[in-house]
Engineer: 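Here it is, the structure in full.
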2 protein chains.
Amino acid sequence: MTIVKGDSRAWQQVLAHVETQLLGGDVRPGDRLPSERALAEQLGVSRSSVREAIRVLEAFGLVRTATGSGPNAGAIVIATPGTAMSTLMRLQVSATGFPVADIVRTRLVIEAGVVGDLCTSHGTSDQLTEANALLDAMDSDTLSAAEFLALDAAFHLALAEASGNTVIAAMLAGLRAGIEAYASEGASRIADWPRTRDRLRAEHRGILTAVHARDAAAAHSRIHDHISGYYAEIVPPTRNEGPN
Amino acid sequence: MTIVKGDSRAWQQVLAHVETQLLGGDVRPGDRLPSERALAEQLGVSRSSVREAIRVLEAFGLVRTATGSGPNAGAIVIATPGTAMSTLMRLQVSATGFPVADIVRTRLVIEAGVVGDLCTSHGTSDQLTEANALLDAMDSDTLSAAEFLALDAAFHLALAEASGNTVIAAMLAGLRAGIEAYASEGASRIADWPRTRDRLRAEHRGILTAVHARDAAAAHSRIHDHISGYYAEIVPPTRNEGPN
DNA sequence: CGTGGTAGCGTGGTCCGACCACAAACGCGA
DNA sequence: TCGCGTTTGTGGTCGGACCACGCTACCACG
């Protein structure tokens with residue numbers, strides 16, 4: 001079944017053509033797409049339409065483009081869903097298509113699943129070295145709040161990547177990107193930041209400890225309290241002073 | 001004339017401009033973007049570059065475009081993440097960026113979270129009417145396998161939507177789209193389809209029953225067995241005849 | 001005065017041709 | 001043989017042109 005939807009627009013024809021070749025295995029990651037001019041001639045559309053389709057493919061993390069000549073130039077098929085997912089989430093949050101609360105709830109679900117997988121999988125010790133290194137880096141007292149939060153995000157992402165599930169890792173990266181602005185802004189409202197920071201450190205260690213101990217129940221409750229606790233702390237205070 | 005920061009490409013400048021206006025609340029869903037020609041003049045880029053940016057926004061489900069004149073024409077900001085997520089997943093699976101196994105594992109995690117939320121939330125009875133109606137529709141014996149699977153997908157999506165989490169609903173729609181071809185093709189390999197169909201029906205009823213009974217543990221195990229059981233059944237048999 | 005049809009206008013959609021910057025491959029000359 | 005300029009091909013951008021569409025407003029006719 002081809003993807004023949006309402007391909008009324010020329011650029012959709014190009015997109016469908018590339019997707020068909022992708023599905024059929026005619027082109028695979030690492031391969032180069034035909035040049036824009038050649039693709040335009042093959043499909044009987046203008047180069048502008050081809051470019052619009054390639055732009056979509058690029059935004060979805062399916063191809064990367066490079067100027068010049070040689071094997072590294074042109075549109076090369078890749079498969080990097082992380083940035084695309086992050087962009088999608090960030091833009092949707094910007095347009096209020098995704099409420100922050102829903103993203104946090106989704107994080108709860110996904111990260112609970114991550115630690116559950118980690119507890120039941122085997123040989124996770126070496127896969128968690130990255131997470132451990134990040135926790136050590138977060139022990140530095142010279143970190144700003146923003147730097148700490150960046151390491152925090154990297155830690156959670158490292159957990160997801162340690163589970164070996166690329167889809168979950170990409171989704172978590174997207175979720176994080178969607179609420180990054182919210183989390184950063186909320187941190188600035190925390191009165192006693194050093195206290196919160198120390199609590200987060202301890203909670204991180206506790207999560208990893210539970211994972212190493214294969215204690216799924218403890219890991220689940222700890223990651224849940226960790227995430228929900230932070231967002232409960234940075235939720236804007238109910239102020240009666242100005243509904244305008 | 002405009003000083004370029006990291007957005008070396010013109011269309012990225014347009015994208016950044018629109019995103020900034022989105023974040024600042026200057027434009028919100030329902031509003032119209034300036035016309036392509038006006039936007040090009042404002043930002044000092046060509047209309048082609050503006051169009052490429054709008055194409056990305058459209059692919060991400062942030063705007064919809066319409067020809068003609070009047071209030072319904074032009075690029076109108078919307079927020080429909082479902083189709084964008086589905087397209088992203090489908091394309092990534094096509095490019096083998098997302099293994100099917102990872103998508104199934106992610107479904108397990110997310111749908112387990114969905115039923116968990118449904119068990120703890122209040123007043124879910126009316127929100128589950130859609131799911132119940134789908135189950136009734138699936139009781140028809142005149143359905144083809146493809147039709148049954150379509151209703152199956154709709155049922156799972158209805159569960160996610162009943163949880164009220166737009167992010168999870170969009171993600172589940174995307175996950176389903178990514179493995180739709182795989183699930184359909186696998187169904188054709190099932191020897192005793194009526195038997196599998198009846199089993200799926202019973203499992204669906206069992207899931208809903210557990211949700212209504214607020215039995216989170218039962219709902220969790222039943223949705224897990226339901227999903228993993230189906231994909232275990234359609235896993236391709238090891239065959240040596242593979243064409244290179 | 002009311003009504004219906006039509007011309008106008010602005011929109012996105014598409015195509016074309018041109019030029020630029022870039023990078024690799026080529027080829028000529030030292 | 002080596003080095004460096006030239007050629008070639010790529011994406012990136014721009015401007016212009018035309019089309020189909022759909023609303024708007026106007027004008028002619030009843």
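Keep in mind that what you see is a predicted model, and the values were worked out from it rather than measured. Every chain is numbered from 1 and lettered A, B, ... according to where its sequence line falls, protein lines coming before strand lines.
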Engineer: Classify the side chain of B:Arg47 versus the base of C:dG13 as yes if they form a donor-acceptor pair under 3.5 Å and no if they do not.
Structural biologist: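 It does, because a donor-acceptor pair links the side chain of B:Arg47 to the base of C:dG13 below 3.5 Å.
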
Engineer: Could you tell me how far apart B:Ile54 (CD1) and C:dG12 (P) are, to the nearest whole angstrom?
Structural biologist: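 To the nearest whole Å, that distance equals 6 Å.
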
Engineer: Just how far, in rounded Å, is C1' of C:dT11 from CG of B:Leu33?
Structural biologist: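 To the nearest whole Å, that distance equals 13 Å.
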
Engineer: On the 0 to 90° scale, with breaks at 30° and 60°, tag the A:His204-A:Phe155 ring pair as parallel, tilted or perpendicular.
Structural biologist: tilted

Engineer: Quickly work out the B:Trp11 CH2 to D:dG11 C1' distance and round it to whole Å.
Structural biologist: 13 Å

Engineer: Counting any heavy atom closer than 4.0 Å, what does A:Ala40 reach on the DNA or RNA strands: base, sugar-phosphate only, or nothing?
Structural biologist: nothing

Engineer: May I have the distance from B:Arg37 (atom CZ) to C:dG12 (atom C1'), rounded to whole angstrom?
Structural biologist: 7 Å

Engineer: Return the value, rounded to whole Å, for the distance between atom CD of B:Glu52 and atom C1' of C:dT14.
Structural biologist: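 From B:Glu52 CD to C:dT14 C1': 14 Å.
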
Engineer: If you only use heavy atoms from C-beta on, which nucleotide in C:dA24, C:dG12, D:dG11 is closest to the side chain of B:Ser35?
Structural biologist: C:dG12

Engineer: Relative to the 5' end of DNA chain C, which residue comes earlier, A:Ser69 or A:Val45, by the nucleotide with the nearest heavy atom?
Structural biologist: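 That would be A:Val45.
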
Engineer: Reckon B:Ser48 has a side-chain N or O less than 4.0 Å from the OP1 or OP2 of D:dG15?
Structural biologist: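 False: B:Ser48 side-chain N/O out of range (4.0 Å or more) of D:dG15 OP1/OP2.
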
Engineer: Using the salt bridge (charged side-chain N to carboxylate O under 4.0 Å, His left out) rule, take B:Glu41 and B:Arg47 through it: C-alpha gap first, then chi angles, then the decisive distance, then the call.
Structural biologist: CA-CA 8 Å; B:Glu41 192 178 3; B:Arg47 186 156 90 106; over 6 Å; no

Engineer: Has A:Ser8 got a side-chain N or O lying under 4.0 Å from the OP1 or OP2 atom of C:dG13?
Structural biologist: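 Checking A:Ser8 against C:dG13: no side-chain N or O falls below 4.0 Å of OP1 or OP2.
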
Engineer: From the list C:dG12, C:dT11, D:dG9, which nucleotide is the closest neighbour of the side chain of B:Arg32?
Structural biologist: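 Closest nucleotide to the B:Arg32 side chain: C:dT11.
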
Engineer: Please determine, for the side chain of B:Glu36, which listed nucleotide (C:dG12, D:dC14, C:dC22) has the closest atom?
Structural biologist: C:dG12

Engineer: Can you check the A:Ile76 CD1 to C:dA24 P distance for me, whole Å?
Structural biologist: 11 Å

Engineer: List the atom of A:Val50, the atom of A:Val45, and the distance in Å for their closest heavy-atom pair.
Structural biologist: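 A:Val50 and A:Val45 have their closest heavy atoms at CG2-CG2, 3.7 Å.
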
Engineer: Report the nucleotide, chosen from D:dC14, D:dT10, C:dT14, that has the shortest atom-to-atom distance to any side-chain atom of B:Ala10.
Structural biologist: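 Selected nucleotide: D:dC14.
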
Engineer: Please lay out, stage by stage, how B:Arg90 and B:Glu180 fare under the test salt bridge (charged side-chain N to carboxylate O under 4.0 Å, His left out).
Structural biologist: CA-CA 8 Å; B:Arg90 198 182 68 244; B:Glu180 183 174 12; over 6 Å; no

Engineer: If you only use heavy atoms from C-beta on, which nucleotide in C:dG12, D:dC14, C:dT14 is closest to the side chain of B:Thr67?
Structural biologist: C:dG12

Engineer: Rounded to whole Å, how long is the line connecting atom CG of B:Leu39 with atom C1' of D:dT13?
Structural biologist: 16 Å

Engineer: For A:Gly68, report the nucleic acid contact type (base, sugar-phosphate, nothing); a contact means any heavy atom under 4.0 Å.
Structural biologist: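 Base contact - A:Gly68 has a heavy atom under 4.0 Å of at least one base atom.
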
Engineer: Let me know the distance between CZ of A:Arg51 and P of C:dT14, rounded to the nearest Å.
Structural biologist: 15 Å

Engineer: Is a donor-acceptor contact shorter than 3.5 angstrom present between the side chain of A:Arg55 and the base of D:dG12?
Structural biologist: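 In this structure, the two groups form no donor-acceptor pair.
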
Engineer: For the residue pair B:Pro34 and B:Leu39, what are the closest heavy atoms and their distance?
Structural biologist: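 That would be CG-CD1, 3.8 Å.
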
